[in-house]
Amino acid sequence: MTLVAIVLSWLGLVVHNFADLPGQTLLSPETAIPTAGYVVAVLLWWRFRRVMSWVLLGWGWLQLVGGGIISVLPLPFLPFDPEQTLYHYAFHVLYGALQVPLLIMLTRYLRGR
């Protein structure tokens, strides 16, 4: 089940990037670099489950708070001016929502030990 949650988390990132960043492909740096991180994390998770669960939990929170919430707000310290449309907000809601299964699964796993 945790692998499914990891894939959902990754899909949130990919769907957001394809919807909000023009001309994105799986090989674009904004998508390819995090994808490589997910692949490495999954491979290491099979061997170092507890440590990588903490790493993935932190990554999920970063995706939810940083990618799903903060990056959509028109804050002066951001190096970009996010689009303030329902379309843009909808994809950030989806992006954030797809992080939740990962956060729940890993929190349950880490509390169970």
Side-chain angles (χ1 to χ4, degrees):
M1 282 303 284
T2 303
L3 186 55
V4 172
I6 294 169
V7 170
L8 287 174
S9 173
W10 173 77
L11 277 175
L13 172 81
V14 171
V15 168
H16 163 267
N17 285 359
F18 283 9
D20 278 351
L21 303 174
Q24 286 292 298
T25 69
L26 284 176
L27 298 178
S28 300
E30 296 87 350
T31 304
I33 293 170
T35 297
Y38 274 105
V39 170
V40 169
V42 166
L43 293 174
L44 290 173
W45 184 77
W46 291 113
R47 177 71 174 106
F48 306 103
R49 194 159 291 197
R50 185 155 174 80
V51 170
M52 290 313 296
S53 291
W54 281 107
V55 169
L56 285 166
L57 184 64
W59 178 251
W61 277 110
L62 178 66
Q63 295 292 323
L64 174 62
V65 175
I69 299 170
I70 292 176
S71 68
V72 78
L73 302 174
L75 300 172
F77 63 84
L78 293 177
F80 50 86
D81 188 23
E83 184 181 353
Q84 301 301 302
T85 64
L86 183 58
Y87 176 85
H88 188 229
Y89 287 133
F91 278 99
H92 276 263
V93 168
L94 179 64
Y95 182 16
L98 287 174
Q99 305 311 309
V100 173
L102 181 68
L103 299 174
I104 291 171
M105 295 295 295
L106 293 175
T107 299
R108 285 183 179 170
Y109 170 75
L110 289 166
R111 283 188 175 174
R113 288 210 136 187

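Bear in mind that the values here come from a model prediction, so they are computed numbers and not experimental data. Computed from heavy atoms alone, side chains included, the values below leave out hydrogens, waters and symmetry copies.
- Both V40 and L57 belong to a single network of hydrophobic side chains, linked directly or stepwise wherever heavy atoms of I, L, V, M, F, W or Y lie under 4.5 Å apart.
- You'll find the side chain of V55 stays beyond 4.5 Å of the side chain of F48, heavy atoms only.
- At least one side-chain heavy atom of L26 sits less than 4.5 Å from a side-chain heavy atom of F18.
- A donor-acceptor pair is defined here as one N or O able to donate and one able to accept, closer than 3.5 Å; no such pair exists between the side chain of S9 and the backbone of A5.
- Nearest approach of H92 to S71, heavy atoms of both residues: CE1-OG, 3.2 Å.
- Contact record, A41 with L56: CB-CD2, 3.6 Å, taken as the closest heavy-atom pair.
- When all heavy atoms of S28 and G23 are compared, the closest pair comes out as OG-O, 4.0 Å.
- Under a hydrophobic clustering in which Ile, Leu, Val, Met, Phe, Trp and Tyr are joined whenever their side-chain heavy atoms come within less than 4.5 Å, directly or via other members, L44 and L110 fall into the same cluster.
- With hydrogens and angles ignored, the 3.5 Å screen pairs no side-chain donor or acceptor of N17 with any backbone N or O of Q24.
- Using a 4.5 Å heavy-atom cutoff, the side chains of L3 and W46 are in contact.
- From F77, atom CZ reaches atom CD1 of I70 across 5.5 Å, with rounding to the nearest 0.5 Å.
- Listed here is the closest heavy atom pair of G68 and V72: O-CG1, 4.2 Å.
- Closest heavy-atom contact between P34 and P29: CD-O, 3.6 Å.
- The hydrophobic cluster containing W10 also contains W61, counting ILVMFWY residues as joined when their side-chain heavy atoms lie under 4.5 angstrom apart, directly or transitively.
- Residue L73 comes nearest to Q84 through the heavy atom pair C-NE2, 4.5 Å, listed as atom of the first residue, atom of the second, then distance.
- Between L8 and L102 the shortest side-chain heavy-atom distance does not fall below 4.5 Å.
- For the atom pair CG (L98) and CG (L13), the distance works out to 10.5 Å, reported to the nearest 0.5 Å.
- For the atom pair CG (L106) and CH2 (W45), the distance works out to 8.0 Å, reported to the nearest 0.5 Å.
- By the criterion of side-chain heavy atoms lying less than 4.5 angstrom apart, applied directly or through intervening Ile, Leu, Val, Met, Phe, Trp or Tyr residues, V100 is not grouped with V15; the two fall into different hydrophobic clusters.
- Hydrophobic clustering keeps M52 apart from V39 (ILVMFWY residues linked when any side-chain heavy atoms are closer than 4.5 Å, directly or through intermediates).
- Side-chain atoms of D20 and Y87, non-hydrogen and from C-beta on, do get closer than 4.5 Å to each other.
- For CG of L75, the number of neighbouring non-hydrogen atoms (other residues, nucleotides, ligands) closer than 6.0 Å is greater than 12.
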